[in-house]
Amino acid sequence: MALLPILKFPDPRLHKVAQAVATVDDRVRRLVDDMLQTMYDAEGVGLAATQVDVHERIIVMDTSDTRDQPVVLINPELVQRSEAMSFRDEGCLSVPATYDKVARHEQVTVRALDRSGQPFDMQCEGLAAVCVQHEMDHLIGRVFVEYLSPLKRDRIRSKMLKRAREEQRA
């Protein structure tokens, strides 16, 4: 397994739309394992392949308190959404140290393939529902800051560009 570099907002590659995985093979399973290691190392609860510059419909997540219940979603699709919405603080590994409230469906059902290519449905609520929706946004090229006001988004963009310049000088 290997740690993968995580793209940082406003990198334009974060806006690429991911393509469906044609076959769940050893290459995809290695990518899933690397994504899980990267997510855990970065202390995140979810990671989309887009964030590691692989533009395929793959998500890994673990919203458990014990951080030992990884979930793999290959070619995920939301098949059901509650009408009820909630606002929760969200953060993103591609936008470090930035949190803000985003409206999400309180409950969702996602249909996907697992690590071995087997189809399954998963009902999610709470943090898991937020995570699924957040990561699925990455697969269509959307970063959570795009739900914020233009003023907040511009401030975050400026802060991230400044941080990137400082890291390059160091």
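It should be emphasised that the depicted structure is a prediction, and the values quoted were computed from it without experimental measurement. Basis for what follows: all heavy atoms, side chains included, without hydrogens, waters or symmetry-related copies.
Through ILVMFWY side-chain contacts below 4.5 Å, Val130 is grouped with nothing and stands alone. Listed by chain and number, the hydrophobic cluster partners of Val79 come to none, as no ILVMFWY side chain reaches under 4.5 Å of it.
Formation of a donor-acceptor pair under 3.5 Å by the Asp121 side chain with backbone atoms of Arg111 is not found in this model. Formation of a donor-acceptor pair under 3.5 Å by the Gln133 side chain with backbone atoms of Ala129 is found in this model. Judged purely by atom type and a 3.5 angstrom limit, Asn75 uses its side chain to pair as donor or acceptor with the backbone of Val21.
Around the CZ atom of Phe120, the shell of radius 6.0 Å holds more than 12 heavy atoms that belong to other residues, nucleotides or ligands. Around CD of Glu43, the count of heavy atoms belonging to other residues, nucleotides or ligands within 6.0 Å does not exceed 12. Counted within 6.0 Å of CD on Glu125, heavy atoms from surrounding residues, nucleotides or ligands total 12 or fewer; the atom is thus considered open. For Asp65, the CG atom counts as loosely surrounded, since its 6.0 Å shell holds 12 or fewer non-hydrogen atoms of other residues, nucleotides or ligands. For Arg153, the CZ atom sits in a packed shell: over 12 heavy atoms of surrounding residues, nucleotides or ligands are nearer than 6.0 Å. Around the CZ atom of Arg67, the shell of radius 6.0 Å holds more than 12 heavy atoms that belong to other residues, nucleotides or ligands. Remark: Gln123 CD is loosely packed, at most 12 non-hydrogen atoms of other residues, nucleotides or ligands lying under 6.0 Å away.
Note on Phe9 and Val102: same hydrophobic cluster, where clusters join Ile, Leu, Val, Met, Phe, Trp and Tyr whose side-chain heavy atoms are under 4.5 Å apart, directly or indirectly. Note on Val54 and Val72: same hydrophobic cluster, where clusters join Ile, Leu, Val, Met, Phe, Trp and Tyr whose side-chain heavy atoms are under 4.5 Å apart, directly or indirectly. Residue Val60 is not grouped with residue Phe144 when hydrophobic side chains (ILVMFWY) are merged at heavy-atom distances under 4.5 angstrom, including chains of intermediate members. When hydrophobic clusters are built by joining Ile, Leu, Val, Met, Phe, Trp and Tyr residues whose side-chain heavy atoms come closer than 4.5 Å, directly or via intermediates, Met39 is not grouped with Leu127. Follow the hydrophobic side-chain contacts under 4.5 Å out from Ile58 and you never reach Leu14; the two are in separate clusters.
Ser82 and Glu106 share no side-chain donor-acceptor pair at under 3.5 Å.
Taking the side chain as every heavy atom from C-beta outward, Val71 and Cys131 never approach each other to under 4.5 Å. Considering only heavy atoms from C-beta on, Thr98 stays 4.5 Å or farther from Cys92 through its side chain. By the 4.5 Å heavy-atom criterion applied to side chains, Ser116 and Val24 are not counted as neighbours. Using a 4.5 Å cut-off on side-chain heavy atoms (C-beta onward), His105 and Met85 make contact. Between Val145 and Lys152, the closest side-chain pair of non-hydrogen atoms is not below 4.5 Å.
Screening Lys8, Met160, Lys159 against Val95 for a side chain to side chain contact (heavy atoms under 4.5 Å, CB included) leaves a single residue, Met160. Looking at Arg57, Met61, Glu135 one by one, the single match for side chain to side chain contact (heavy atoms under 4.5 Å, CB included) with Leu73 turns out to be Met61.
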Q.
Walk me through whether His15 and Glu146 qualify under side chain to side chain contact (heavy atoms under 4.5 Å, CB included).
A. CA-CA 11 Å; His15 298 292; Glu146 293 172 44; 2.8 Å; yes
Q.
Pair Val132, Leu78 - check side chain to side chain contact (heavy atoms under 4.5 Å, CB included), show working.
A. CA-CA 9 Å; Val132 164; Leu78 288 181; 3.9 Å; yes
(Q) Run the side chain to side chain contact (heavy atoms under 4.5 Å, CB included) test on Thr38 and Gln51 for me, step by step, so that the C-alpha distance in whole Å, both residues' side-chain angles and the decisive distance to 0.1 Å come before the verdict. (A) CA-CA 11 Å; Thr38 301; Gln51 293 177 270; over 6 Å; no
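Salt bridge present: Glu56 and Arg27 bring a charged side-chain N and a carboxylate O closer than 4.0 Å. A salt bridge links Arg104 and Asp137; the closest N-O separation between the charged side-chain nitrogens and carboxylate oxygens is under 4.0 Å. For Arg157 and Asp154, the salt-bridge test passes: some basic side-chain N is under 4.0 Å from an acidic carboxylate O. Between Asp26 and Arg29, at least one side-chain nitrogen of the basic residue sits less than 4.0 Å from a carboxylate oxygen of the acidic one, meeting the salt-bridge criterion.
A pairwise comparison of heavy atoms in Ala42 and Ile6 identifies CB-CD1, 4.1 Å as the closest pair. The shortest heavy-atom contact between Ala48 and His138 is CB-CB, 3.5 Å.
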